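One structure is given below, encoded as C-alpha coordinates.
In this text, all values refer to a predicted model and were calculated from it rather than measured experimentally. Just so we're on the same page: letters track the sequence lines, and every chain starts at 1.
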2 protein chains.
Amino acid sequence: MIHIQEILWYNIKKGDVMNKRKVPKATMQRYPLYLKALKKLQSLGIDRIMSNQLGSFIDVEPTTIRRDFSFIGTLGKQGYGYDVETLIDTFEGHLGGTYNEKIIIVGAGNLGRALMNYNRWNNVVGEVACAFDIDESKVGVVNDIPVYPLSQISKSIPVGCRIAILTVSHDAQETVDKLIEAGIVGIISFTHDHIRVPKDVFIKYVDVISSIQELVFQVNNI
Amino acid sequence: MIHIQEILWYNIKKGDVMNKRKVPKATMQRYPLYLKALKKLQSLGIDRIMSNQLGSFIDVEPTTIRRDFSFIGTLGKQGYGYDVETLIDTFEGHLGGTYNEKIIIVGAGNLGRALMNYNRWNNVVGEVACAFDIDESKVGVVNDIPVYPLSQISKSIPVGCRIAILTVSHDAQETVDKLIEAGIVGIISFTHDHIRVPKDVFIKYVDVISSIQELVFQVNNI
DNA sequence: CTTAAGTTGTTAAATGATTCACATACAAGA
DNA sequence: TCTTGTATGTGAATCATTTAACAACTTAAG
(Lines give C-alpha, C1' and ligand atoms only; values in the text may rest on other atoms or scores of the structure.)
Protein backbone atom coordinates (compact mmCIF):
# COMPACT_ATOMS: atom_id res chain seq x y z
CA MET A 1 0.00 0.00 0.00
CA ILE A 2 1.32 3.38 -1.01
CA HIS A 3 0.78 6.31 1.28
CA ILE A 4 -0.35 9.60 -0.20
CA GLN A 5 2.67 11.33 1.29
CA GLU A 6 4.97 9.11 -0.72
CA ILE A 7 3.27 10.08 -3.93
CA LEU A 8 3.50 13.75 -3.10
CA TRP A 9 7.11 13.41 -2.06
CA TYR A 10 7.87 11.59 -5.27
CA ASN A 11 6.28 14.33 -7.32
CA ILE A 12 8.03 17.09 -5.45
CA LYS A 13 11.30 15.29 -5.80
CA LYS A 14 10.78 14.64 -9.45
CA GLY A 15 9.54 18.10 -10.23
CA ASP A 16 11.84 20.21 -8.14
CA VAL A 17 14.95 18.30 -7.25
CA MET A 18 15.46 15.97 -10.16
CA ASN A 19 14.48 18.55 -12.73
CA LYS A 20 17.17 20.86 -11.36
CA ARG A 21 19.31 19.62 -14.20
CA LYS A 22 22.85 20.83 -14.47
CA VAL A 23 23.00 24.01 -16.52
CA PRO A 24 25.07 23.43 -19.69
CA LYS A 25 28.26 25.43 -19.98
CA ALA A 26 27.13 26.90 -23.27
CA THR A 27 23.95 28.11 -21.63
CA MET A 28 25.83 29.73 -18.75
CA GLN A 29 27.89 31.69 -21.22
CA ARG A 30 24.74 33.13 -22.75
CA TYR A 31 23.14 34.32 -19.53
CA PRO A 32 25.20 37.54 -19.31
CA LEU A 33 24.31 38.23 -22.93
CA TYR A 34 20.60 37.86 -22.19
CA LEU A 35 20.81 40.19 -19.21
CA LYS A 36 22.73 42.74 -21.22
CA ALA A 37 20.20 42.65 -24.06
CA LEU A 38 17.20 42.78 -21.73
CA LYS A 39 18.55 45.86 -19.96
CA LYS A 40 19.09 47.51 -23.30
CA LEU A 41 15.55 46.69 -24.36
CA GLN A 42 14.17 47.96 -21.07
CA SER A 43 16.04 51.23 -21.50
CA LEU A 44 14.31 51.53 -24.88
CA GLY A 45 10.94 51.29 -23.13
CA ILE A 46 10.14 47.66 -23.95
CA ASP A 47 8.45 45.86 -21.09
CA ARG A 48 7.32 42.67 -22.77
CA ILE A 49 9.14 40.46 -25.24
CA MET A 50 8.83 37.20 -27.16
CA SER A 51 11.61 34.69 -27.60
CA ASN A 52 11.83 35.27 -31.32
CA GLN A 53 12.10 39.04 -30.93
CA LEU A 54 14.86 38.67 -28.38
CA GLY A 55 16.42 36.05 -30.62
CA SER A 56 16.63 38.30 -33.63
CA PHE A 57 18.00 41.09 -31.43
CA ILE A 58 20.99 39.05 -30.26
CA ASP A 59 21.27 36.43 -33.03
CA VAL A 60 20.30 33.44 -30.95
CA GLU A 61 17.64 30.94 -32.00
CA PRO A 62 14.37 31.54 -30.12
CA THR A 63 14.20 27.90 -29.15
CA THR A 64 17.68 28.05 -27.67
CA ILE A 65 16.58 31.03 -25.61
CA ARG A 66 13.48 29.25 -24.34
CA ARG A 67 15.47 26.19 -23.36
CA ASP A 68 18.16 28.29 -21.68
CA PHE A 69 15.49 30.11 -19.68
CA SER A 70 13.82 26.85 -18.71
CA PHE A 71 16.87 25.81 -16.65
CA ILE A 72 16.17 28.70 -14.31
CA GLY A 73 12.42 28.17 -14.04
CA THR A 74 9.15 28.90 -15.74
CA LEU A 75 9.73 32.50 -16.62
CA GLY A 76 7.29 33.11 -19.46
CA LYS A 77 3.59 32.85 -20.12
CA GLN A 78 2.30 30.81 -23.02
CA GLY A 79 0.60 32.91 -25.63
CA TYR A 80 2.05 36.06 -24.12
CA GLY A 81 5.83 36.02 -23.91
CA TYR A 82 8.10 37.27 -21.17
CA ASP A 83 7.89 40.23 -18.86
CA VAL A 84 11.16 42.11 -19.29
CA GLU A 85 11.38 43.34 -15.72
CA THR A 86 10.77 39.87 -14.30
CA LEU A 87 13.48 38.45 -16.50
CA ILE A 88 15.96 41.13 -15.49
CA ASP A 89 15.23 40.63 -11.80
CA THR A 90 15.61 36.88 -12.12
CA PHE A 91 18.86 37.04 -14.03
CA GLU A 92 20.31 39.67 -11.76
CA GLY A 93 19.61 37.43 -8.82
CA HIS A 94 21.65 34.68 -10.42
CA LEU A 95 24.39 36.78 -11.96
CA GLY A 96 25.39 38.97 -9.05
CA GLY A 97 22.87 41.73 -9.58
CA THR A 98 22.30 42.01 -5.88
CA TYR A 99 25.27 44.33 -6.22
CA ASN A 100 26.87 43.12 -3.02
CA GLU A 101 29.66 41.12 -4.57
CA LYS A 102 32.93 42.40 -3.16
CA ILE A 103 35.64 42.18 -5.78
CA ILE A 104 39.37 42.68 -5.34
CA ILE A 105 41.90 43.59 -7.99
CA VAL A 106 45.31 42.01 -7.68
CA GLY A 107 48.00 43.93 -9.51
CA ALA A 108 47.85 47.73 -9.64
CA GLY A 109 49.80 48.30 -12.84
CA ASN A 110 48.46 50.00 -15.95
CA LEU A 111 45.63 47.55 -16.49
CA GLY A 112 44.73 47.22 -12.82
CA ARG A 113 44.49 50.99 -12.47
CA ALA A 114 42.45 51.27 -15.67
CA LEU A 115 40.00 48.77 -14.19
CA MET A 116 39.83 50.74 -10.95
CA ASN A 117 39.01 53.85 -12.91
CA TYR A 118 36.40 52.00 -14.92
CA ASN A 119 33.22 53.54 -13.63
CA ARG A 120 30.63 50.91 -14.43
CA TRP A 121 31.09 48.40 -11.65
CA ASN A 122 28.35 49.61 -9.41
CA ASN A 123 24.84 48.43 -10.18
CA VAL A 124 26.23 45.69 -12.34
CA VAL A 125 27.94 43.10 -10.23
CA GLY A 126 29.02 44.84 -7.05
CA GLU A 127 32.01 46.94 -6.20
CA VAL A 128 35.76 46.80 -6.25
CA ALA A 129 36.49 46.82 -2.53
CA CYS A 130 40.26 47.16 -2.67
CA ALA A 131 43.35 46.24 -4.64
CA PHE A 132 46.71 44.64 -3.90
CA ASP A 133 50.18 44.95 -5.39
CA ILE A 134 53.49 43.38 -4.57
CA ASP A 135 55.25 46.64 -5.32
CA GLU A 136 55.01 48.86 -2.23
CA SER A 137 55.34 51.98 -4.38
CA LYS A 138 51.93 51.19 -5.90
CA VAL A 139 50.27 51.24 -2.47
CA GLY A 140 47.90 54.16 -1.97
CA VAL A 141 44.48 55.08 -3.33
CA VAL A 142 43.20 54.96 -6.92
CA ASN A 143 39.77 56.40 -7.68
CA ASP A 144 38.82 56.05 -4.00
CA ILE A 145 39.88 52.40 -3.99
CA PRO A 146 42.63 51.56 -1.47
CA VAL A 147 45.66 49.63 -2.74
CA TYR A 148 47.39 47.45 -0.14
CA PRO A 149 50.65 45.52 -0.24
CA LEU A 150 50.11 41.96 -1.44
CA SER A 151 51.74 40.67 1.73
CA GLN A 152 48.73 41.93 3.69
CA ILE A 153 46.21 40.01 1.63
CA SER A 154 44.99 37.73 4.40
CA LYS A 155 44.44 40.67 6.74
CA SER A 156 42.99 43.19 4.30
CA ILE A 157 40.74 41.01 2.15
CA PRO A 158 37.09 42.02 2.71
CA VAL A 159 34.81 39.63 4.56
CA GLY A 160 32.75 37.53 2.14
CA CYS A 161 34.96 38.37 -0.82
CA ARG A 162 34.93 35.50 -3.30
CA ILE A 163 36.05 36.99 -6.58
CA ALA A 164 39.42 38.42 -7.62
CA ILE A 165 40.56 40.05 -10.82
CA LEU A 166 44.15 39.17 -11.60
CA THR A 167 46.19 41.76 -13.47
CA VAL A 168 49.70 40.95 -12.27
CA SER A 169 52.51 40.67 -14.79
CA HIS A 170 54.68 38.20 -12.89
CA ASP A 171 54.32 35.19 -10.60
CA ALA A 172 50.69 34.64 -11.56
CA GLN A 173 50.52 31.05 -10.31
CA GLU A 174 52.11 31.92 -6.99
CA THR A 175 49.75 34.85 -6.52
CA VAL A 176 46.72 32.72 -7.33
CA ASP A 177 47.79 30.13 -4.77
CA LYS A 178 47.79 32.89 -2.15
CA LEU A 179 44.37 34.11 -3.26
CA ILE A 180 42.85 30.66 -2.97
CA GLU A 181 44.35 30.31 0.48
CA ALA A 182 42.67 33.62 1.38
CA GLY A 183 39.27 32.21 0.38
CA ILE A 184 38.88 33.31 -3.24
CA VAL A 185 36.81 30.84 -5.28
CA GLY A 186 36.45 32.71 -8.58
CA ILE A 187 39.20 34.38 -10.57
CA ILE A 188 39.16 36.53 -13.67
CA SER A 189 42.65 36.39 -15.09
CA PHE A 190 43.99 39.03 -17.47
CA THR A 191 47.38 37.37 -17.60
CA HIS A 192 48.61 35.45 -20.62
CA ASP A 193 49.86 32.62 -18.36
CA HIS A 194 48.13 29.32 -17.88
CA ILE A 195 47.18 28.90 -14.24
CA ARG A 196 46.25 25.73 -12.39
CA VAL A 197 43.48 25.79 -9.81
CA PRO A 198 41.75 23.08 -7.75
CA LYS A 199 38.47 21.99 -9.30
CA ASP A 200 36.31 23.78 -6.72
CA VAL A 201 37.80 27.09 -7.86
CA PHE A 202 36.70 28.71 -11.12
CA ILE A 203 38.98 30.69 -13.36
CA LYS A 204 38.06 32.63 -16.45
CA TYR A 205 40.54 34.18 -18.81
CA VAL A 206 40.07 37.63 -20.25
CA ASP A 207 42.99 37.53 -22.62
CA VAL A 208 43.39 40.02 -25.44
CA ILE A 209 46.25 38.18 -27.03
CA SER A 210 44.46 34.81 -27.17
CA SER A 211 41.40 36.55 -28.55
CA ILE A 212 43.40 38.21 -31.27
CA GLN A 213 45.11 34.94 -32.13
CA GLU A 214 41.78 33.19 -32.42
CA LEU A 215 40.51 36.02 -34.59
CA VAL A 216 43.56 35.83 -36.86
CA PHE A 217 42.99 32.10 -37.24
CA GLN A 218 39.36 32.66 -38.19
CA VAL A 219 40.18 35.45 -40.62
CA ASN A 220 42.85 33.24 -42.22
CA ASN A 221 40.53 30.25 -42.57
CA ILE A 222 37.39 31.54 -44.21
CA MET B 1 39.75 1.10 -67.95
CA ILE B 2 40.98 3.33 -65.20
CA HIS B 3 44.03 5.44 -65.84
CA ILE B 4 46.72 5.65 -63.16
CA GLN B 5 46.34 9.43 -63.04
CA GLU B 6 42.74 9.08 -61.98
CA ILE B 7 43.70 6.88 -59.07
CA LEU B 8 46.39 9.30 -57.97
CA TRP B 9 44.08 12.24 -58.36
CA TYR B 10 41.41 10.45 -56.37
CA ASN B 11 43.85 9.77 -53.56
CA ILE B 12 45.19 13.27 -53.49
CA LYS B 13 41.70 14.65 -53.49
CA LYS B 14 40.53 12.34 -50.77
CA GLY B 15 43.60 12.76 -48.61
CA ASP B 16 44.30 16.43 -48.98
CA VAL B 17 41.28 18.31 -50.14
CA MET B 18 38.38 16.43 -48.68
CA ASN B 19 40.15 15.88 -45.38
CA LYS B 20 40.51 19.64 -44.98
CA ARG B 21 37.52 19.48 -42.68
CA LYS B 22 36.18 22.61 -41.09
CA VAL B 23 37.92 23.29 -37.80
CA PRO B 24 35.39 23.13 -34.93
CA LYS B 25 34.85 26.32 -32.98
CA ALA B 26 35.78 24.59 -29.76
CA THR B 27 39.07 23.54 -31.28
CA MET B 28 39.86 27.04 -32.50
CA GLN B 29 39.41 28.35 -29.00
CA ARG B 30 42.07 25.96 -27.73
CA TYR B 31 44.75 26.81 -30.27
CA PRO B 32 45.94 29.94 -28.45
CA LEU B 33 46.09 27.91 -25.25
CA TYR B 34 48.29 25.31 -26.91
CA LEU B 35 50.64 27.92 -28.28
CA LYS B 36 50.86 29.62 -24.90
CA ALA B 37 51.64 26.34 -23.13
CA LEU B 38 54.17 25.24 -25.73
CA LYS B 39 56.07 28.49 -25.46
CA LYS B 40 56.13 28.12 -21.71
CA LEU B 41 57.44 24.57 -22.02
CA GLN B 42 60.06 25.66 -24.53
CA SER B 43 61.25 28.37 -22.15
CA LEU B 44 61.69 25.63 -19.56
CA GLY B 45 64.03 23.81 -21.92
CA ILE B 46 61.60 21.14 -23.15
CA ASP B 47 62.02 20.37 -26.85
CA ARG B 48 59.91 17.22 -27.19
CA ILE B 49 56.52 16.41 -25.73
CA MET B 50 53.81 13.76 -25.73
CA SER B 51 50.12 14.50 -25.92
CA ASN B 52 49.46 13.20 -22.44
CA GLN B 53 52.19 15.34 -20.90
CA LEU B 54 50.86 18.43 -22.60
CA GLY B 55 47.38 17.34 -21.59
CA SER B 56 48.18 17.14 -17.91
CA PHE B 57 49.95 20.50 -18.14
CA ILE B 58 46.89 22.34 -19.40
CA ASP B 59 44.07 20.05 -18.25
CA VAL B 60 42.94 18.93 -21.67
CA GLU B 61 42.47 15.26 -22.58
CA PRO B 62 45.40 13.96 -24.65
CA THR B 63 43.03 12.59 -27.24
CA THR B 64 41.39 15.98 -27.63
CA ILE B 65 44.80 17.50 -28.20
CA ARG B 66 45.71 14.93 -30.83
CA ARG B 67 42.44 15.49 -32.65
CA ASP B 68 42.80 19.26 -32.47
CA PHE B 69 46.30 19.03 -33.91
CA SER B 70 45.14 16.72 -36.68
CA PHE B 71 43.02 19.48 -38.22
CA ILE B 72 46.19 21.40 -38.98
CA GLY B 73 48.17 18.48 -40.32
CA THR B 74 50.31 15.54 -39.32
CA LEU B 75 52.41 17.23 -36.71
CA GLY B 76 53.64 14.35 -34.57
CA LYS B 77 55.53 11.11 -34.99
CA GLN B 78 54.01 7.85 -33.82
CA GLY B 79 55.95 6.29 -30.98
CA TYR B 80 57.83 9.54 -30.44
CA GLY B 81 55.56 12.50 -29.75
CA TYR B 82 55.80 16.08 -30.96
CA ASP B 83 58.72 18.36 -31.53
CA VAL B 84 58.01 21.50 -29.51
CA GLU B 85 59.69 23.91 -31.91
CA THR B 86 57.83 22.51 -34.90
CA LEU B 87 54.54 22.86 -33.09
CA ILE B 88 55.28 26.45 -32.09
CA ASP B 89 56.29 27.39 -35.62
CA THR B 90 53.18 25.79 -37.06
CA PHE B 91 50.79 27.42 -34.63
CA GLU B 92 52.43 30.80 -34.95
CA GLY B 93 51.94 30.59 -38.68
CA HIS B 94 48.22 30.10 -38.17
CA LEU B 95 47.69 32.43 -35.23
CA GLY B 96 49.40 35.56 -36.43
CA GLY B 97 52.91 34.70 -35.31
CA THR B 98 54.34 36.14 -38.46
CA TYR B 99 54.12 39.31 -36.39
CA ASN B 100 52.99 41.43 -39.28
CA GLU B 101 49.38 41.85 -38.27
CA LYS B 102 48.63 45.57 -38.11
CA ILE B 103 46.15 46.27 -35.35
CA ILE B 104 44.31 49.49 -34.62
CA ILE B 105 42.76 50.58 -31.35
CA VAL B 106 39.53 52.54 -31.56
CA GLY B 107 38.85 54.59 -28.46
CA ALA B 108 41.74 56.23 -26.62
CA GLY B 109 40.21 56.46 -23.16
CA ASN B 110 41.55 54.78 -20.03
CA LEU B 111 41.35 51.28 -21.40
CA GLY B 112 42.55 52.17 -24.87
CA ARG B 113 45.59 53.93 -23.48
CA ALA B 114 46.31 51.05 -21.09
CA LEU B 115 46.32 48.72 -24.09
CA MET B 116 48.67 51.04 -25.98
CA ASN B 117 51.03 51.01 -23.03
CA TYR B 118 50.80 47.23 -22.80
CA ASN B 119 54.22 46.22 -23.99
CA ARG B 120 53.69 42.65 -25.11
CA TRP B 121 52.21 43.07 -28.54
CA ASN B 122 55.37 42.63 -30.49
CA ASN B 123 56.49 39.11 -31.17
CA VAL B 124 53.05 37.84 -30.31
CA VAL B 125 50.56 38.88 -32.96
CA GLY B 126 51.94 41.98 -34.59
CA GLU B 127 51.85 45.60 -33.61
CA VAL B 128 49.41 48.33 -32.77
CA ALA B 129 49.85 50.61 -35.74
CA CYS B 130 47.73 53.52 -34.58
CA ALA B 131 44.64 54.50 -32.63
CA PHE B 132 41.53 56.57 -33.21
CA ASP B 133 39.24 58.60 -30.98
CA ILE B 134 36.20 60.73 -31.66
CA ASP B 135 37.37 63.25 -29.06
CA GLU B 136 39.91 65.55 -30.70
CA SER B 137 41.52 66.27 -27.35
CA LYS B 138 42.69 62.65 -27.23
CA VAL B 139 44.56 63.03 -30.50
CA GLY B 140 48.34 62.88 -30.12
CA VAL B 141 50.84 60.13 -29.33
CA VAL B 142 50.68 57.46 -26.63
CA ASN B 143 53.71 55.23 -26.12
CA ASP B 144 54.92 56.07 -29.64
CA ILE B 145 51.53 55.12 -31.09
CA PRO B 146 49.80 57.95 -32.99
CA VAL B 147 46.18 58.71 -32.10
CA TYR B 148 44.10 60.17 -34.94
CA PRO B 149 40.60 61.64 -35.01
CA LEU B 150 38.00 59.01 -35.77
CA SER B 151 36.78 61.07 -38.69
CA GLN B 152 40.07 60.34 -40.47
CA ILE B 153 39.72 56.59 -40.21
CA SER B 154 39.46 55.88 -43.92
CA LYS B 155 42.56 57.98 -44.66
CA SER B 156 44.75 56.94 -41.75
CA ILE B 157 44.01 53.24 -41.46
CA PRO B 158 47.16 51.25 -42.31
CA VAL B 159 47.26 49.26 -45.53
CA GLY B 160 46.40 45.61 -44.94
CA CYS B 161 44.93 46.26 -41.52
CA ARG B 162 42.22 43.73 -40.76
CA ILE B 163 41.84 43.75 -37.01
CA ALA B 164 40.55 46.45 -34.67
CA ILE B 165 40.29 46.58 -30.91
CA LEU B 166 37.22 48.47 -29.83
CA THR B 167 37.41 50.37 -26.54
CA VAL B 168 34.91 53.15 -27.12
CA SER B 169 32.34 53.94 -24.45
CA HIS B 170 29.60 55.27 -26.73
CA ASP B 171 28.15 54.62 -30.17
CA ALA B 172 29.76 51.22 -30.46
CA GLN B 173 27.49 49.99 -33.26
CA GLU B 174 27.94 53.14 -35.30
CA THR B 175 31.71 52.98 -34.86
CA VAL B 176 31.81 49.33 -35.89
CA ASP B 177 29.84 50.11 -39.04
CA LYS B 178 32.52 52.64 -39.97
CA LEU B 179 35.29 50.14 -39.24
CA ILE B 180 33.75 47.50 -41.47
CA GLU B 181 33.38 50.08 -44.22
CA ALA B 182 37.10 50.81 -43.81
CA GLY B 183 37.94 47.14 -44.43
CA ILE B 184 38.14 45.68 -40.93
CA VAL B 185 37.09 42.01 -40.82
CA GLY B 186 37.95 41.08 -37.23
CA ILE B 187 36.97 42.99 -34.11
CA ILE B 188 37.86 42.53 -30.47
CA SER B 189 35.23 44.42 -28.50
CA PHE B 190 35.79 45.55 -24.94
CA THR B 191 32.41 47.22 -24.81
CA HIS B 192 29.49 45.84 -22.85
CA ASP B 193 27.15 46.47 -25.79
CA HIS B 194 25.87 43.84 -28.16
CA ILE B 195 27.02 44.63 -31.69
CA ARG B 196 25.70 43.31 -34.97
CA VAL B 197 28.09 42.47 -37.80
CA PRO B 198 27.66 40.86 -41.23
CA LYS B 199 28.52 37.18 -41.21
CA ASP B 200 31.81 37.61 -43.03
CA VAL B 201 33.08 39.76 -40.17
CA PHE B 202 34.19 38.19 -36.90
CA ILE B 203 33.70 39.77 -33.52
CA LYS B 204 34.98 38.57 -30.20
CA TYR B 205 34.01 40.05 -26.88
CA VAL B 206 36.53 40.66 -24.14
CA ASP B 207 34.07 41.69 -21.47
CA VAL B 208 35.03 41.83 -17.81
CA ILE B 209 31.49 42.32 -16.62
CA SER B 210 30.05 39.35 -18.49
CA SER B 211 32.94 37.23 -17.27
CA ILE B 212 32.30 38.22 -13.68
CA GLN B 213 28.59 37.53 -14.07
CA GLU B 214 29.28 34.08 -15.46
CA LEU B 215 31.69 33.45 -12.59
CA VAL B 216 29.12 34.56 -10.02
CA PHE B 217 26.58 32.19 -11.57
CA GLN B 218 29.03 29.30 -11.40
CA VAL B 219 30.05 30.09 -7.84
CA ASN B 220 26.38 30.25 -6.83
CA ASN B 221 25.50 26.95 -8.53
CA ILE B 222 28.06 24.46 -7.29
C1' DC C 1 67.26 -8.12 -38.20
C1' DT C 2 63.65 -8.83 -35.06
C1' DT C 3 61.01 -7.87 -31.17
C1' DA C 4 58.98 -5.08 -27.48
C1' DA C 5 57.35 -0.85 -25.80
C1' DG C 6 55.20 3.21 -26.70
C1' DT C 7 52.65 7.12 -29.18
C1' DT C 8 50.31 8.97 -32.89
C1' DG C 9 46.17 9.64 -36.03
C1' DT C 10 41.63 8.13 -36.75
C1' DT C 11 37.34 5.27 -36.70
C1' DA C 12 33.64 4.36 -33.86
C1' DA C 13 31.00 5.19 -29.59
C1' DA C 14 29.39 8.33 -26.14
C1' DT C 15 28.25 12.55 -24.52
C1' DG C 16 26.71 17.34 -24.97
C1' DA C 17 24.17 21.10 -27.35
C1' DT C 18 20.92 22.80 -30.61
C1' DT C 19 16.87 22.68 -33.28
C1' DC C 20 12.42 20.74 -34.63
C1' DA C 21 7.78 19.97 -33.79
C1' DC C 22 3.88 20.08 -31.14
C1' DA C 23 0.79 19.71 -26.99
C1' DT C 24 -0.52 22.95 -23.70
C1' DA C 25 -2.04 27.06 -21.86
C1' DC C 26 -2.79 31.91 -21.98
C1' DA C 27 -4.65 36.32 -24.15
C1' DA C 28 -7.83 38.91 -26.51
C1' DG C 29 -11.86 39.87 -28.92
C1' DA C 30 -16.60 38.79 -30.03
C1' DT D 1 -18.36 32.56 -22.13
C1' DC D 2 -16.57 30.73 -26.08
C1' DT D 3 -13.44 30.70 -29.84
C1' DT D 4 -9.30 31.76 -32.29
C1' DG D 5 -4.62 32.92 -32.55
C1' DT D 6 -0.28 32.77 -30.54
C1' DA D 7 3.95 31.70 -27.73
C1' DT D 8 5.79 28.89 -24.30
C1' DG D 9 8.12 24.66 -22.52
C1' DT D 10 9.70 20.21 -23.67
C1' DG D 11 10.15 15.34 -25.67
C1' DA D 12 12.44 13.66 -29.84
C1' DA D 13 15.67 14.29 -33.55
C1' DT D 14 19.63 16.28 -35.27
C1' DC D 15 24.09 18.15 -35.13
C1' DA D 16 28.60 18.98 -32.73
C1' DT D 17 32.21 17.71 -29.70
C1' DT D 18 34.63 14.67 -26.77
C1' DT D 19 36.33 10.33 -25.43
C1' DA D 20 37.48 5.39 -26.11
C1' DA D 21 39.77 2.04 -28.63
C1' DC D 22 42.93 0.46 -31.71
C1' DA D 23 45.71 -0.13 -36.10
C1' DA D 24 49.84 1.73 -37.89
C1' DC D 25 54.05 3.30 -37.28
C1' DT D 26 58.68 4.71 -34.69
C1' DT D 27 62.20 4.06 -31.72
C1' DA D 28 65.37 1.49 -29.21
C1' DA D 29 67.34 -2.58 -27.45
C1' DG D 30 68.77 -7.26 -27.92
Inset, instruction - From the options Leu166(A), Leu115(A), Asp207(A), select the one residue that forms a side-chain contact (heavy atoms from CB on, under 4.5 Å) with Phe190(A). - result: Leu115(A)

Legend entry - Cation-pi, Phe132(B) ring and Lys178(B) (6.0 angstrom, 45 degrees): no

Inset, instruction - Using the ring of Tyr205(B) (Phe, Tyr or Trp, six-membered ring only), decide whether Lys36(A) places NZ or CZ under 6.0 Å from its centre and within 45 degrees of its axis. - result: yes

Legend entry - d(OH, Tyr82(B); P, dG6(C)) in whole Å: 18 Å

Legend entry - Arg48(A) to Tyr80(A), cation-pi by 6.0 Å centre distance and 45° axis angle: yes

Inset, instruction - Take the protein atom CE of Met50(B) and the nucleotide atom C1' of dT26(D), then report the distance between them rounded to whole Å. - result: 13 Å

Inset, instruction - Pick out which of Phe91(B), Phe202(B), Tyr34(B), Tyr31(B) makes a ring-ring contact (aromatic ring centres under 6.0 Å, His included) with Phe217(A). - result: Tyr31(B)

Inset, instruction - Specify the separation, in whole Å, of atom CZ of Phe69(B) and atom P of dT18(D). - result: 14 Å

Inset, instruction - Rounded to the nearest angstrom, tell me the gap between atom CG in Asp83(B) and atom P in dT26(D). - result: 16 Å

Legend entry - Under 4.0 Å protein heavy-atom contact, by nucleotide of nucleotides 17-27 of chain C - B base, S sugar-phosphate only: SBBBB--BBBS

Legend entry - Whole angstrom value for the distance that separates C1' of dG5(D) from CG of Asn52(A): 14 Å

Inset, instruction - Report yes or no: do Asn220(A) and Arg162(B) form a side-chain donor-acceptor pair below 3.5 Å? - result: yes

Inset, instruction - Let me know the distance between CD1 of Ile65(A) and P of dT8(D), rounded to the nearest Å. - result: 9 Å

Legend entry - d(CE, Met28(A); P, dG16(C)) in whole Å: 13 Å

Legend entry - Integer-rounded Å distance: dG9(C) P and Leu75(B) CG: 7 Å

Inset, instruction - Please check the phosphate of dT8(C) (OP1 and OP2 only) for any side-chain N or O of Ser51(B) closer than 4.0 Å. - result: yes

